[in-house]
Amino acid sequence: MSEMPAPVLEPEAFQQRLLAWFDQHGRHDLPWQRQRTPYRVWVSEIMLQQTQVATVIPYFERFMARFPALGDLAEAPQDEVLHLWTGLGYYARGRNLHRAAREVMMEHAGELPVASLDALAALPGIGRSTAGAIVAQSTGRRAVILDGNVKRSLARLHAVEGWPGRPAVERRLWALAEHYTPHARVVDYTQAMMDFGATLCRRGTPDCGHCPFADVCVAHARGEERRFPEAKPKKALPTRTTRMLVLRDAEGRVLLEQRPARGLWGGLWGLPQFDDPETLRTWLEVHAPAAELDPAWPAFHHTFSHFRLEITPQPARVDGLDSIGETRCWYDPANPPRLGLAAPVKALLASLAPFALAASEGA
DNA sequence: CACACGTGGAT
DNA sequence: TATCCAAGTGT
């Protein structure tokens, strides 16, 4: 209890103000709010992790069209799941979702264990906040969430000092979230908290003029809305360089390699990648001694959250490979297989399509 | 606990 | 254009 900052309102008053605002201004027609089944709520919550609503909607619709039920997802090959995840980012979410679906089939008779917060959180990809959201949204039972929107709103209302990523700060915010969460209208309350943060108590431009808490908000009283929550400590962005081999056969197909299951673009298919020219040369000697190297194409870069990658495409031609194994395949731009591709690779392959067309026309 | 993990929108 | 960072989790 001593962990919790002084609340600005009694829980009942807080809930009443928030829900009145939500009834008027909340979002009531998002795709996952129709047919609010545990499965649909789960998929939406995973896609929405660190990802904005507008970005998620088309991915969610495609995913549901292909995998209408949990069993459909469990039966699918991982490649197809990652194919539908391509462009959404944080691909561990897709791998974990797929793995969790199979786990639910085997250990929970095909039903998400929404009766137990702990059982949910034991599934890969579901943490404390997502477990709370799934329970609250799909069953209406009381469960607490603490996502970015809730963190920002509560930090402002109570002028909570410190970056919310710090465990001590996060504990205070959990205590506040716990304090305000009602037993009734839980579905609406959790949605309301997220809508409030996303559309009114926004990061850069909070709309205090229409805020139902403006009269009690500590940050607003101090005129310091923008100071809360405190920003993450920044650090320099390192740059890494790599070469991507664009090895094409006589039919214009491109050799792809499946990336390791963990790490960057884990489980996705990409161009063979080499940190230095030496490794590239050795690889070619072993796998494609007959390959003819063309001059490298201009480098381009891709910026990630934690580093910047400079990519030099290295085009080459070869008649074929004797054996490409399980973790390689020939990618035909005219008839692309349904597998996951990293964004820069997808863009690079798309730029190759005219070549493939010209090659097939010439043949 | 600090860091890795992606992409696109907002300012 | 550069920077920040969004419905977090896993290691």
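None of these values were measured; they are calculated from a predicted model. Lettering of chains follows the sequences in order, A, B, ..., and the numbering in each one begins at 1.
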Trainee: May I ask you to check whether A:W32 and A:F60 place their ring centres under 6.0 Å from each other?
Mentor: yes
Trainee: Quick one: on DNA chain C, does A:N96 or A:R203 contact a more 5' nucleotide (nearest heavy atom)?
Mentor: A:R203
Trainee: Are A:F304 and A:H302 close enough that their ring centres sit under 6.0 Å apart?
Mentor: yes
Trainee: With the threshold set at under 4.0 Å for non-hydrogen atoms, list the residues of residues 117-127 of chain A touching DNA chain C in residue-number order.
Mentor: A:L123, A:P124, A:G125, A:I126, A:G127
Trainee: Tell me, please, whether A:W174 has A:R128 positioned over its six-membered ring: NZ or CZ under 6.0 Å from the ring centre and within 45 degrees of its axis?
Mentor: yes
Trainee: Is the phosphate of C:dT9 approached by A:S129 (side-chain N or O, under 4.0 Å from OP1 or OP2)?
Mentor: no
Trainee: Tell me whether the centres of the aromatic rings in A:F22 and A:H28 are closer together than 6.0 Å.
Mentor: yes
Trainee: Crowded around A:D276 CG? As in, over 12 foreign heavy atoms under 6.0 Å?
Mentor: yes
Trainee: Among C:dA7, C:dG8, C:dT3, which nucleotide has an atom closest to any side-chain atom of A:K234?
Mentor: C:dT3
Trainee: In residues 50-64 of chain A, which ones come under 4.0 Å of DNA chain C, going by heavy atoms?
Mentor: A:Q50, A:Q52, A:V53
Trainee: Atom NE2 of residue position A:H301 - does it have more than 12 heavy atoms of other residues, nucleotides or ligands inside 6.0 Å?
Mentor: no
Trainee: Check this for me: does any side-chain nitrogen of one of A:D294 and A:R248 sit under 4.0 Å from a carboxylate oxygen of the other?
Mentor: no
Trainee: Say you pick atom P in C:dA7 and the same atom in B:dA2; how far apart are they, in whole Å?
Mentor: 23 Å
Trainee: Looking at A:K232, does any N or O in its side chain come under 4.0 Å of the phosphate oxygens OP1/OP2 on C:dC4?
Mentor: no
Trainee: Looking at DNA chain C, which of residues 149-173 of chain A put a heavy atom within less than 4.0 Å of it?
Mentor: A:N149, A:R152
Trainee: Side-chain contact, heavy-atom cut-off 4.5 Å: A:L352 with A:Y331?
Mentor: no
Trainee: Using heavy atoms and a sub-4.0 Å distance, could you list which residues of residues 297-307 of chain A are near DNA chain B? By number, please.
Mentor: A:H302, A:T303, A:F304, A:S305, A:H306
Trainee: Does anything in residues 259-276 of chain A come within less than 4.0 Å of DNA chain C? Heavy atoms only, and list the residues if so.
Mentor: A:R262
Trainee: Against the six-membered ring of A:F307, is A:R240 placed for a cation-pi contact (under 6.0 Å from the centre, within 45° of the normal)?
Mentor: yes
Trainee: In whole angstrom, give me the gap between the C1' atoms of C:dT11 and B:dC1.
Mentor: 11 Å
Trainee: Are A:F67 and A:Y39 close enough that their ring centres sit under 6.0 Å apart?
Mentor: no
Trainee: Go through DNA chain B in 5' to 3' direction and return only the first and the last nucleotide with some atom under 4.0 Å of chain A's heavy atoms.
Mentor: B:dC1 to B:dT11
Trainee: Could you give the CD1-to-C1' distance, from A:I46 to C:dA7, as a whole number of Å?
Mentor: 10 Å
Trainee: Does the distance from a Lys or Arg side-chain N to an Asp or Glu carboxylate O, for A:E80 and A:R66, drop under 4.0 Å?
Mentor: yes
Trainee: Flag yes if A:L30 and A:V186 sit in one hydrophobic cluster, no otherwise; membership is Ile, Leu, Val, Met, Phe, Trp, Tyr, and two members link when side-chain heavy atoms are under 4.5 Å apart.
Mentor: no
Trainee: State, to 0.1 Å, how close A:I134 and A:E45 come at their nearest heavy-atom pair, and which atoms those are.
Mentor: CG1-CG, 4.3 Å
Trainee: Less than 6.0 Å separating the ring centroids of A:W85 and A:Y59?
Mentor: no
Trainee: Classify A:Q137 by what it touches in the nucleic acid, base, sugar-phosphate, or nothing, heavy-atom distance under 4.0 Å.
Mentor: nothing
Trainee: What interatomic distance, in whole Å, is found between P of B:dG6 and the corresponding atom of C:dT3?
Mentor: 22 Å
